[in-house]
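Please read all numbers here as calculations on a predicted model, not as lab measurements. The sequence lines fix the lettering, A, B, ..., with proteins before strands; numbering per chain opens at 1.
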There are 2 protein chains.
Amino acid sequence: MAKATLKTIARATGYSITTVSRALGGFDDVNEETRRAILDEAYRQGYEPNLQARALQKRRSQTIGLVLPTGGPSFPDPFFAEFLAGIGSETARSGFDLLVSTPSAEISEIDVYRRFVAGGRVDGVILMRSRVDDVRIRFLLERHFPFAVFGRTDLNESYAYIDVDGRAGQAAMTLHLIELGHRRIAYMTPPSTLMFARFRLQGFYEAMAQKGVPVDERLVVECDLSENAGKHRALQLLKLDNPPTAIMTGNDLMAIGVMNAVREMGMRVGRDIAVGGFDDIPAAEHLNPGLTTVRQPIFHIGQQLTLRLLQVIEGEISGEQSTLLAPELILRGSSNHRQHDRPEQEVGTHLETSTDIRKANK
Amino acid sequence: MAKATLKTIARATGYSITTVSRALGGFDDVNEETRRAILDEAYRQGYEPNLQARALQKRRSQTIGLVLPTGGPSFPDPFFAEFLAGIGSETARSGFDLLVSTPSAEISEIDVYRRFVAGGRVDGVILMRSRVDDVRIRFLLERHFPFAVFGRTDLNESYAYIDVDGRAGQAAMTLHLIELGHRRIAYMTPPSTLMFARFRLQGFYEAMAQKGVPVDERLVVECDLSENAGKHRALQLLKLDNPPTAIMTGNDLMAIGVMNAVREMGMRVGRDIAVGGFDDIPAAEHLNPGLTTVRQPIFHIGQQLTLRLLQVIEGEISGEQSTLLAPELILRGSSNHRQHDRPEQEVGTHLETSTDIRKANK
DNA sequence: AGGGACATCCGAAACGTTTCGGATTGCCGA
DNA sequence: TCGGCAATCCGAAACGTTTCGGATGTCCCT
């Protein structure tokens, strides 16, 4: 059996290609009887529309693109799978496909976007890990191409994004540690080209200032997003003459490294040194002691971002809708002085600084 | 500036569409001078070929598909991100894109494949988590559509796959536990529709028989792949009159649940009860104690599978190439009686049963 | 009887690309 | 002088779909 097309169905039923197309398309200018005959024949032949041809004609590919961030040395955040699942759940519901691309040595990141956009490969893209002065976003804005971003930028344009309030999250973590009595608090911040690093760092400074706790600049260090880098940096901190009593990190991977470093120095996490992370990756809960961290509802973000992007594509919203989500502080054993052998019962605290979900229209 | 196409370049340079196409395509029947003129103009206009049109004409989409497994209740294996990264790294190198689809309530899994295949959306697909009497594989074989599978099946056809020798892996784990002195060993096996579950179960039985250790069938239970299910099942096992002294599971997620169950019963993992997992997900190393498990080189598998698929697509291999990889037993604190407070130094042992990488041609 | 309204169908162009099969030159050797 | 060959170029068809602008016929109303 050759490949079924509109033409083969047309020939088999005696109708024209146009009529077959319209029958299959559910238009109302085709007789019920004819439609049935055509549908039957289509089924018999196992017809599936050629999506390339359709996309070519409609100038719509029913596909959205996602380019894996290739920033750091380590591959994507551990919660990447969850993010993808969130995106996937929504694309599936609306009949869209998801095209994933990995920039390589040969093909630069921006070229991937060029291909996606100009090649008509996708109808819109989702970006993650927004950067300072983000070229990708600039490129897309310039072309008026639909997109939605996980994270804010410092660009003076408006577009659709969803972000977690990292400033509030990191501030909450800092306040928590201060309340536990810590004064010498270290903060390991991710590379400053990443927007989220800035907001979190800002939250740290603000909370310290608010409580009048002095910041020792030697305890504020930049660090790559990996476990190894975290361990390395933490060892340096712990070997200072006047080491910190608490170490906060810009993401959980780094925090895991810190915990290892603490152990390697013969100290105990949660008792001798408090550790705080950010993200709440799956492993955070299973560490011993459990990692106190700030949770981001990543699956949900993936979903919402997709929804938002689809609206932009349909032209339903002006592309300026943005949402700032309130993060949630998750307290576990890594920041608990009283008990550390067994992870304490998990406690979720909604921050008072931002109420649930806040919509912001620029 | 309107969209650049072959036509706009042709008009601008005064050459025909054919010549423009051939110049851009690098054919040798176009004058060097003309070619340069055309390339210049193409660059000036920011030309990018329309990939839909190209795909339609060439009947090749330069895209491979991946359908997320939707089998169990829980979302994909934690190492899914790594698998995807492996695939991505190879597709990028060869200029292919990756189309990811998530079956939803509305669109059944097999429909996704139908769309992919008949719709000309992809040139080949990668399957993971092969199943007993796998309909997907049957479908693809029937259509003579290129594909490559992570995992074997019981179908009597030959096709390209890569698998980890789960039988050998589970046997090695079992032998390890027996050597530690365990006699009452429980095994929590994943749903038997999954092929890998069968092989691992088989490895368990064989090792037990080899050492003459009796299997108590009440200690062999089927269990979903999630942490929760693992915990639940483990509690049942531990409450038996004559409970096991060691519990092995078919994947790491279940093992984490087991470890929680053990703790909840007031016993200590690695001391009172040995626990063994399978997969070596990232979290396994960070548990306390660390989880003894069997490692699968998942990134590498993603890469190789992609390479294999591309060869099948190019028609370079007959589609019958298959590889069985030797798993690696990773010993950590969860199966160590002597020491459990701190995870012991990680030890990797290559199994003697299968040498490095073994090629099998059916 | 004429006209309009409606139901049903179709031809042809278009989306942007590739490619087959020539067509047009200019030049060389015999 | 002419056949032939190489170097360049191009027209047109094809890939499979959607859609615009009718075409045809039927029936009813006045």
Side-chain angles (χ1 to χ4, degrees), chain A residues 1-39 41-42 45-63 95 115-123, chain B residues 1-39 41-42 45-63 95 115-123:
Chain A
M1 185 176 55
K3 186 107 123 283
T5 72
L6 291 186
K7 204 200 275 189
T8 63
I9 299 177
R11 249 205 282 280
T13 56
Y15 291 101
S16 75
I17 292 182
T18 304
T19 301
V20 173
S21 173
R22 298 188 71 81
L24 260 27
F27 288 75
D28 62 354
D29 65 345
V30 16
N31 187 296
E32 260 319 307
E33 222 169 303
T34 356
R35 182 196 307 284
R36 206 161 359 247
I38 289 174
L39 286 183
E41 180 62 24
Q45 293 194 18
Y47 171 77
E48 284 286 332
N50 181 313
L51 299 174
Q52 323 281 349
R54 199 208 289 269
L56 175 59
Q57 155 69 29
K58 304 242 273 197
R59 272 163 298 276
R60 267 302 217 80
S61 60
Q62 293 285 109
T63 304
R115 244 161 48 87
F116 272 8
V117 172
R121 209 65 215 290
V122 301
D123 297 331
Chain B
M1 186 175 58
K3 184 105 123 285
T5 71
L6 290 185
K7 203 198 277 188
T8 64
I9 299 177
R11 248 205 283 280
T13 57
Y15 291 101
S16 75
I17 292 182
T18 303
T19 302
V20 174
S21 172
R22 298 189 70 79
L24 261 26
F27 287 75
D28 62 354
D29 66 344
V30 16
N31 187 296
E32 260 318 308
E33 222 169 302
T34 9
R35 182 197 306 284
R36 204 157 6 245
I38 289 174
L39 285 183
E41 180 61 23
Q45 294 193 17
Y47 172 76
E48 285 286 333
N50 182 313
L51 299 174
Q52 322 282 349
R54 196 204 291 263
L56 175 59
Q57 156 67 30
K58 305 242 273 197
R59 271 162 296 277
R60 267 301 218 83
S61 61
Q62 293 283 110
T63 304
R115 245 161 48 89
F116 272 8
V117 172
R121 205 79 170 75
V122 301
D123 297 332

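- For the pair B:Arg22 and A:Arg22, nearest-nucleotide mapping onto DNA chain D gives the more 5' position to B:Arg22.
- Direction change of the helix axis from one end of the helix from C:dA1-D:dT30 to C:dA30-D:dT1 to the other is 70°, with five pairs defining each end axis (rounded to 10°).
- A distance of 7.5 Å separates CG of A:Leu24 from CD1 of A:Ile38, quoted to the nearest 0.5 Å.
- Mapping heavy-atom proximity under 4.0 Å, the span of DNA chain D touched by chain B runs 5' to 3' from D:dT8 to D:dG16.
- Counting heavy atoms from C-beta outward, B:Tyr15 and B:Ile9 have side chains that stay 4.5 Å or more apart.
- Annotation: side-chain hydrogen bond (donor to acceptor under 3.5 Å, both in side chains) contacts of A:Arg59 (sequence neighbours excluded): none.
- Not counting sequence neighbours, the partners of B:Glu41 by the salt bridge (charged side-chain N to carboxylate O under 4.0 Å, His left out) test are B:Arg44.
- With hydrogens and angles ignored, the 3.5 Å screen pairs a side-chain donor or acceptor of B:Arg35 with a backbone N or O of B:Phe27.
- The salt bridge (charged side-chain N to carboxylate O under 4.0 Å, His left out) test applied to B:Asp29 returns B:Arg22, not counting sequence neighbours.
- The distance from the CD atom of A:Glu48 to the CZ atom of B:Arg121 is 12.5 Å, given to the nearest 0.5 Å.
- DNA chain D is contacted by no residue of residues 4-11 of chain B, taking any non-hydrogen atom closer than 4.0 Å.
- Residues from residues 52-63 of chain B lying near DNA chain C, meaning a heavy-atom separation below 4.0 Å, are B:Ala53, B:Arg54, B:Gln57, B:Lys58 in numerical order.
- By the salt bridge (charged side-chain N to carboxylate O under 4.0 Å, His left out) test, B:Glu33 pairs with no residue at all, sequence neighbours left out.
- Contacts of residues 23-31 of chain B with DNA chain D (heavy atom under 4.0 Å): B:Asp29, B:Val30, B:Asn31.
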Quick one: side chains of residues 51-58 of chain B, donor-acceptor pairs under 3.5 Å with protein atoms, not counting sequence neighbours, listed by atom name and distance.
unit_1  : atom_1 : unit_2   : atom_2 : d
B:Gln52 : NE2    : A:Gly120 : O      : 2.4

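- For the side-chain hydrogen bond (donor to acceptor under 3.5 Å, both in side chains) test, no residue two or more places apart in sequence or in another chain qualifies with A:Ser21.
- Of all the heavy atoms in B:Lys7 and B:Ile17, the pair that sits closest is CG-CD1, 4.0 Å.
- Residues forming a salt bridge (charged side-chain N to carboxylate O under 4.0 Å, His left out) with A:Arg60 (at least two apart in sequence, or on another chain): A:Asp123, A:Glu314.
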